[in-house]
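Before any comments, here is the structure.
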Number of protein chains: 2
Amino acid sequence: MASSGTGPRRVTIDDVAEAAGVSRQTVSRALNDKGEIGVSTKQRVLDAALALGYRPSRFARGLVRQDTFSVGLVIPDLLNPFFTEVAAAALDAARGRGWHVVVYDTGDRVEEERGTLEVIASQVDAVVGYLSLPEDEIARLTRGLPVVLIDRKHRSERFSSILIDGEAGVHAAIRHLTAAGHRHIGMLDHAERSEPSVRHEWFDAAMSACGLDSGSVARADQSVEGGERALQELLARHPDLTAVFTFNDIIAIGALRAARRLGRQVPRDLALIGFDGLRLGTLVEPQLTTVALDTRSLGALAVEQAARLLTGTGPLHSDQLTVGAELRVRESA
Amino acid sequence: MASSGTGPRRVTIDDVAEAAGVSRQTVSRALNDKGEIGVSTKQRVLDAALALGYRPSRFARGLVRQDTFSVGLVIPDLLNPFFTEVAAAALDAARGRGWHVVVYDTGDRVEEERGTLEVIASQVDAVVGYLSLPEDEIARLTRGLPVVLIDRKHRSERFSSILIDGEAGVHAAIRHLTAAGHRHIGMLDHAERSEPSVRHEWFDAAMSACGLDSGSVARADQSVEGGERALQELLARHPDLTAVFTFNDIIAIGALRAARRLGRQVPRDLALIGFDGLRLGTLVEPQLTTVALDTRSLGALAVEQAARLLTGTGPLHSDQLTVGAELRVRESA
DNA sequence: AGCGGTAACGTGAGCGCTCACGGGAGCGGT
DNA sequence: ACCGCTCCCGTGAGCGCTCACGTTACCGCT
């Protein structure tokens, strides 16, 4: 059955038309059930298409009816449960719109992120995700494509962002700790950038609002192992700490393991509060108390905003582009 | 700055050509650095393109140079860590090929799977993933698209599969348990289909190979909660069980929680062995002993096979399409 | 002066499809 | 017998780009 000619040429709409003894247009009508076609003719065309194994070219179709969109979702590491949740939410939101999501995992490597953005410009209609490159470089690589940054504020007009407001949540967390009698509270910040994180600022603000000295801080890689090492280091420097707030749940889970290894029982000897509200936090023992943010909204809003930027429907207002976070008390504090 | 004309017409290559005072072809040469162009001209074109915000149409480009491919990855639930790992592996493999992966999460709903396949046929060049629809329906919806099924054997020539061979691994698991003195070993199978799973068959075979009676079995939904309920039910019916093998790690983790709640200490009072080898298994306490399969290969092979089917390079042989599984002893058994 | 060669550009054609038309056949109404 | 209508179906044109060619200008060489 394989063609023995000069090469396996694609089956086009004209081939089907010829086989069915009709014109292109009639084939097109049959395939997109557009009406204006007799039932028997339609069936004949459909049979011919099936027999020839015809499949319309998405490029040709996309070229003329400009109505199919796809978003590029760029994330640093899909295996990180936080990004998984964001990605799942984005997929869901896109499905609702009939959009397609092309996912790129940069594996936390800047070089891959660059490569991805380079290729993405000619593959999707908008870019959404966690980007770490400087804005001007993103702008250069994406060439005018709408870009929605997640959890990162933008300077340029070109971009849009979905931001996290965890101030109230972190405040509640610290109040929760002080109410339980904790006075020496530390934090495990992340170690990616040199400057302290925004979450660290919220922590400081909440501490002083509760009348406590600015807590001691260690920096952790964004991994379970990173959390383990960091807690060990923090406790070595400040053995008097009775509670620790962490940059995110992954780090908190690492801290949980480290605490166990150090013989500190959680929450009796050491209270632990994470950030993110991952489902994973309910699977560990004890279950993680955390400042939970609405990851679903995070992903959904990002896609929504991308859609609005693209279709020209007025973009969301800045206050709609923020997702809140609330304390979710479980077992670790 | 917004155009006030009849509508926001797309900026085409001809617009850039006109602005730079050259021809289309020269613009094309500049953008794809093809050579045969003077440096000053090239710069002028690039400047014009930037100024106009020009971005080549992926459809037009794809139509003529037929060299960009994309795979559709269909999974039931991205939030299930197993599928996350498979997806991550697939993304990685695709990146190596320069392929694009369009991800669809059907949320475990057959109706969504149908809808996805319907739309996918005109959006990607090949489909890989976990599909639950009957083969003839998949064939009808995908219209001749290469399809690679993961962990599901195929009948039709149209399809290809990546299979899991866990026989040796499960055998090793049961031997491990018997060596530790266990005689009453149960299993938590999944509850999706009516017939017993292949893993169940491996379990039975391993049991009889070790000279044990076929173990008692309960069925569990593929979730932590499902595992909890199922273990509780299983132990209620068979209190004498000292070890349990589960369909997968998620169920095992549920079993872990149930065991704790029931006052059975793992592994002292109850040994637990899961299946899949999820990273998640190292985060729980005690760390999960499991029959680990190479999820990376699973996803990678699926993409590899899809690529071969598409490019005509001989498809992989059936023995290359199988990934093995090996016992990974951690703490729960 | 003549000739081949190369670098730098431009010109048709065509990828595979859909859209806006145009037109013939058939049928009922006056 | 004519008009008008609906139902089918076909024909050009064009979406935005790249490929395979032409074409021109300019260089060095005999």
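Sequence lines set the chain letters: A, B, ... in the order given, protein chains first and strands last, and positions in each chain run from 1.
- Side-chain contact check for A:Arg143 versus B:Tyr54: every heavy-atom pair is 4.5 Å or farther apart.
- Of all nucleotides listed (C:dC17, C:dG12, D:dG10), C:dG12 comes nearest to the side chain of B:Arg24.
- A close approach under 4.0 Å does not occur between any side-chain nitrogen or oxygen of A:Lys42 and OP1 or OP2 of D:dC8.
- Residue B:Leu63 is in base contact, counting any heavy-atom pair closer than 4.0 Å across all strands shown.
- Of the side-chain N and O atoms in A:Ser23, none sit less than 4.0 angstrom from OP1 or OP2 of D:dC9.
- Between A:Ser28 and C:dT18 there is a side-chain N or O to OP1 or OP2 distance below 4.0 Å.
- Looking at which nucleotide of DNA chain D each of B:Gln25 and B:Phe59 is closest to, the 5′-most match is held by B:Phe59.
- Distance from the side chain of A:Ile37 is smallest for D:dC9 among the nucleotides C:dT18, D:dT18, D:dC9.
- Between B:Thr26 and the phosphate of C:dG10, there is a side-chain N or O to OP1/OP2 separation shorter than 4.0 Å.
- Atom CD of A:Glu18 has 12 or fewer neighbouring heavy atoms from other residues, nucleotides or ligands inside a 6.0 Å radius.
- Across D:dT18, D:dG16, D:dC17, the shortest atom-to-atom separation from the side chain of B:Pro56 is found for D:dC17.
- Contact between the side-chain N/O atoms of B:Thr41 and the OP1/OP2 oxygens of C:dC9 is found at a separation under 4.0 Å.
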